[in-house]
Amino acid sequence: MIEQSTPVALTHFVEVADISAEQAIALLHRARLFEVEADAGITRTQPTRSVIQLLFFEDSTRTRTSFEAAARRLGCDVCLVTEKGSSAAKGETLDDTVITLLNTVDPDVVVMRHRENHSARHISQQPWNTAGIANAGDGTNEHPTQALLDALTLRGHFRDHTGDLAGLHVVIVGDIVRSRVARSNAHLLTNLGAQVTVVAPSTMLPEDIDLWPVAVASDLDVVIADADAVMALRIQHERIDTEAGLESLDYRERFGLTVERTARMKPGAVVMHPGPMNRGVEIDDAVADGPRSLIRVQVRNGVWARMAVVEALIAGRHAR
Ligand code: CP
């Protein structure tokens with residue numbers, strides 16, 4: 001059963017704040033429709049093929065391939081530029097790279113991953129920009145399509161793709177301060193009615209955590225028994241200056257989703273991880289691959305959620 005599914009139009013999707021709760025629900029409806037269509041073997045075509053530019057200046061497997069799969073499933077042409085192999089590696093600025101692509105490829109949508117916070121917002125605000133901008137992760141700031149696919153996963157698992165997430169308690173554990181996934185999920189999941197608790201050592205909490213719409217805890221064992229879902233975050237070795245602090249934390253013992261710890265979760269409670277995982281650090285193999293894990297569902301839902309976002313940005317460009 002699919003709820004009424006009305007296409008959404010977005011100018012850009014750079015941060016969770018760019019969409020209302022109603023628009024988020026509408027995007028989730030579209031995502032679910034795309035999944036059902038795919039399972040039924042239905043393919044989409046377009047009278048005029050839209051063009052999606054993938055611009056990845058940081059490494060990615062899930063986000064990059066799922067945006068590409070999403071675009072192709074919508075009948076779009078896709079162009080990929082990465083930092084390595086492009087003139088960015090020779091020192092060309094981000095602005096000049098995007099201006100060049102707008103003039104060569106003329107994309108309807110640019111999907112951007114970049115190490116600098118607010119880089120996607122910066123491009124979206126330039127007077128010369130003609131494309132809809134999808135933020136595929138900007139530094140430690142936001143990863144809004146990850147939050148959308150996580151909401152799709154929770155809504156599918158606990159709510160059979162209807163209604164919002166009211167009544168669900170989601171615990172996000174790990175390196176909150178460096179996690180764009182945590183920031184986007186904290187805002188989107190609470191917008192959709194969930195109660196969110198973040199758990200981290202004090203060195204991994206952002207200074208402005210009081211402004212986040214979440215509860216804060218330091219002991220995972222105190223909150224885990226009440227959680228409907230626990231989302232482990234990746235330890236971002238590439239963004240941590242020293243590994244010594246990590247070792248002194250004894251991270252796995254205190255904050256890892258170990259077999260022993262997850263055995264204390266409620267019946268029916270689930271574990272999630274945005275990937276890529278540091279197996280044996282933030283999550284044990286047997287948990288990642290075990291019966292509570294929705295991690296592979298999250299990956300698959302990335303395609304449907306990103307189809308909804310690409311469709312909405314194409315509609316937004318045509319509406320300008
Ligand atoms: N979750 C996520 O962003 O994974 P990738 O870095 O592989 O895209």
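Every number for a ligand or one of its atoms is a count from 1 in the order of the listing.
Under 4.0 Å is where a charged nitrogen must lie from a carboxylate oxygen, and between R64 and D59 no such pair does. Checked for salt-bridge contact, K266 and D228 meet the test: a charged N lies under 4.0 Å from a carboxylate O.
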Give me the pairs of N or O atoms, one from ligand 1 and one from the protein, that sit under 3.5 Å apart.
{"from": "ligand 1", "atom 1": "1 (N)", "to": "Q146", "atom 2": "OE1", "distance (Å)": "3.1"}
{"from": "ligand 1", "atom 1": "1 (N)", "to": "P274", "atom 2": "O", "distance (Å)": "2.8"}
{"from": "ligand 1", "atom 1": "1 (N)", "to": "G275", "atom 2": "O", "distance (Å)": "3.1"}
{"from": "ligand 1", "atom 1": "3 (O)", "to": "T63", "atom 2": "OG1", "distance (Å)": "2.9"}
{"from": "ligand 1", "atom 1": "3 (O)", "to": "R113", "atom 2": "NH2", "distance (Å)": "2.9"}
{"from": "ligand 1", "atom 1": "3 (O)", "to": "H143", "atom 2": "NE2", "distance (Å)": "2.9"}
{"from": "ligand 1", "atom 1": "4 (O)", "to": "R62", "atom 2": "NE", "distance (Å)": "3.1"}
{"from": "ligand 1", "atom 1": "6 (O)", "to": "R113", "atom 2": "NH1", "distance (Å)": "2.9"}
{"from": "ligand 1", "atom 1": "7 (O)", "to": "T61", "atom 2": "N", "distance (Å)": "2.9"}
{"from": "ligand 1", "atom 1": "7 (O)", "to": "R62", "atom 2": "N", "distance (Å)": "2.9"}
{"from": "ligand 1", "atom 1": "7 (O)", "to": "R62", "atom 2": "NE", "distance (Å)": "3.2"}
{"from": "ligand 1", "atom 1": "7 (O)", "to": "R62", "atom 2": "NH2", "distance (Å)": "3.2"}
{"from": "ligand 1", "atom 1": "8 (O)", "to": "S60", "atom 2": "OG", "distance (Å)": "2.6"}
{"from": "ligand 1", "atom 1": "8 (O)", "to": "T63", "atom 2": "N", "distance (Å)": "2.9"}
{"from": "ligand 1", "atom 1": "8 (O)", "to": "T63", "atom 2": "OG1", "distance (Å)": "2.6"}
{"from": "ligand 1", "atom 1": "8 (O)", "to": "R113", "atom 2": "NH2", "distance (Å)": "3.4"}

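Checked by atom type and distance alone, the side chain of S293 never pairs as donor or acceptor with a backbone atom of D289 at under 3.5 Å.
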TODO: For the pair R155 and L192, evaluate side chain to side chain contact (heavy atoms under 4.5 Å, CB included) and give the outcome as yes or no after the intermediate values.
DONE: CA-CA 10 Å; R155 191 170 180 258; L192 294 175; over 6 Å; no
- [ ] Tell me, with the steps shown, if T63 and F56 meet side chain to side chain contact (heavy atoms under 4.5 Å, CB included).
- [x] CA-CA 10 Å; T63 312; F56 276 70; 4.3 Å; yes
TODO: Apply the test salt bridge (Lys or Arg N to Asp or Glu O under 4.0 Å) to residues R252 and D284: give CA-CA distance (whole Å), side-chain angles for both, the deciding distance (0.1 Å), then the verdict.
DONE: CA-CA 9 Å; R252 178 179 173 276; D284 284 2; 3.0 Å; yes
